[in-house]
Amino acid sequence: VSLTADAPGVAADGEARAGAVFAALGDGTRRQLWRTVVDEGPITATALARALPITRQAVAKHLRVLDDAGLVRADRVGRELRYSAPPGSLRAVSEWIDAADAAWAERLSRLKARAEAGA
Amino acid sequence: MTAPRIPTDADVELARVERSVRIDAPLDDVWAAIADPSALGEWLGGELHLDRPLGPGAAGELVAPDGSVRQLLVTEHRPGERLAWHWWDDDELSSVEITACPDGDATEVHVVEVVALARAASAPASLASGTIEAIDRTWSTALPSLAARLGRKLCAAPA
């Protein structure tokens with residue numbers, strides 16, 4: 001069953017984006033990196049590599065995934081790229097919560113109707 | 001086929017929904033609609049196919065009317081008390097726990113769904129036995145506190 005099937009008000013692209021967010025944050029290193037960006041951004045990849053026990057190349061790779069998921073944003077300042085977390089970047093998660101909540105409301109309603117009809 | 005990558009730290013929980021419903025039917029009748037795979041699938045919103053009777057380790061899929069499929073692995077079944085499973089599609093894996101408590105002649109049903117973080121690229125696409133074992137192993141070793149995280153709801157002692 002898909003959340004969109006149970007909660008038709010939620011756009012499919014929202015679900016796909018939620019998937020990208022879950023996937024991006026499914027890696028412990030990326031979560032740590034993302035939190036550092038949230039706490040200390042705007043911050044450069046070099047500074048992130050200094051702050052975390054991973055290489056500059058690994059930082060760049062993880063930042064690309066976070067960027068694709070919309071969890072970080074890169075702004076050029078002079079010759080540097082500075083990363084920050086855009087406001088509302090976890091909106092996909094709240095969309096998942098809304099969809100799941102609506103889906104369970106429907107499911108429990110069906111369970112109630114079924115059990116009470118058989119009682 | 002590899003199992004979803006499940007983070008091992010306590011911050012794995014990304015999202016949670018909880019809902020309760022009071023059903024005017026005795027616990028036995030309510031649980032019959034929860035523990036029977038056919039009835040369970042129906043009110044979940046699809047057709048549930050399991051590879052064995054409902055219980056820990058039972059695996060299968062829930063097929064929605066639109067053809068979309070969600071894989072499912074039962075992790076616990078205490079008749080009349082609690083049913084828990086993990087389910088997932090290409091995008092995410094989440095854990096569901098349903099508990100039921102008698103409330104006079106009625107029954108209070110509580111559901112919690114928690115999103116675990118799974119990489120889309122490594123989410124399982126089939127129910128190969130190795131996959132299920134791998135998921136089970138991952139969850140049992142990496143997430144021993146799943147029940148605690150789900151915030152198990154206990155029935156109040158009868159007055």
Peer 1: Of all the heavy-atom pairs spanning A:Trp104 and B:Glu113, show the shortest one and how long it is.
Peer 2: NE1-OE1, 2.6 Å

Peer 1: Any sub-3.5 Å donor-acceptor pair from A:Arg107's side-chain atoms to B:Gly45's backbone N or O?
Peer 2: no

Peer 1: If a pair satisfies salt bridge (Lys or Arg N to Asp or Glu O under 4.0 Å) and one of its residues is in residues 35-47 of chain B, list it, with sequence neighbours excluded.
Peer 2: A:Arg114-B:Glu42

Peer 1: Using heavy-atom distances under 4.5 Å, tell me whether A:Ala105 contacts chain B through its side chain, its backbone, both, or neither.
Peer 2: both

Peer 1: Is there a path from A:Trp34 to A:Ile54 through hydrophobic residues (I, L, V, M, F, W, Y) whose side chains come within less than 4.5 Å of each other?
Peer 2: yes

Peer 1: What part of B:Ala39 is in contact with chain A, defined as an atom under 4.5 angstrom from a non-hydrogen atom: side chain, backbone, both or neither?
Peer 2: both

Peer 1: Under a 4.5 Å side-chain heavy-atom rule over Ile, Leu, Val, Met, Phe, Trp and Tyr, are B:Val96 and B:Leu72 clustered together?
Peer 2: yes

Peer 1: Do you reckon A:Leu111 sits in the same ILVMFWY cluster as B:Leu54, going by side-chain contacts under 4.5 Å, direct or chained?
Peer 2: yes

Peer 1: Show the atom names and distances, to 0.1 Å, of all donor-acceptor pairs under 3.5 Å that link a side chain in residues 70-84 of chain A to residues at least two apart or in another chain.
Peer 2:
residue : atom : partner : partner atom : Å
A:Arg73 : NE   : A:Asp75 : OD2          : 3.3
A:Glu80 : OE1  : A:Arg82 : NE           : 3.2
A:Glu80 : OE1  : A:Arg82 : NH2          : 3.2

Peer 1: Looking at B:Ile23, B:Ile34, B:Val111, B:Val30, which one has more heavy-atom pairs under 4.5 Å with chain A than the rest?
Peer 2: B:Ile23

Peer 1: Between B:Ala25 and A:Ala115, which heavy-atom pair has the shortest distance, and what is it?
Peer 2: CB-O, 3.7 Å

Peer 1: Shared ILVMFWY cluster between B:Leu83 and B:Leu27, side chains joined below 4.5 angstrom?
Peer 2: no

Peer 1: Can you measure from NZ (A:Lys112) to CG (B:Asp24) and round to the nearest 0.5 angstrom?
Peer 2: 5.0 Å

Peer 1: Look up atom NE2 in B:His110 and atom CG in A:Leu108, then write down how far apart they are to the nearest 0.5 Å.
Peer 2: 10.0 Å

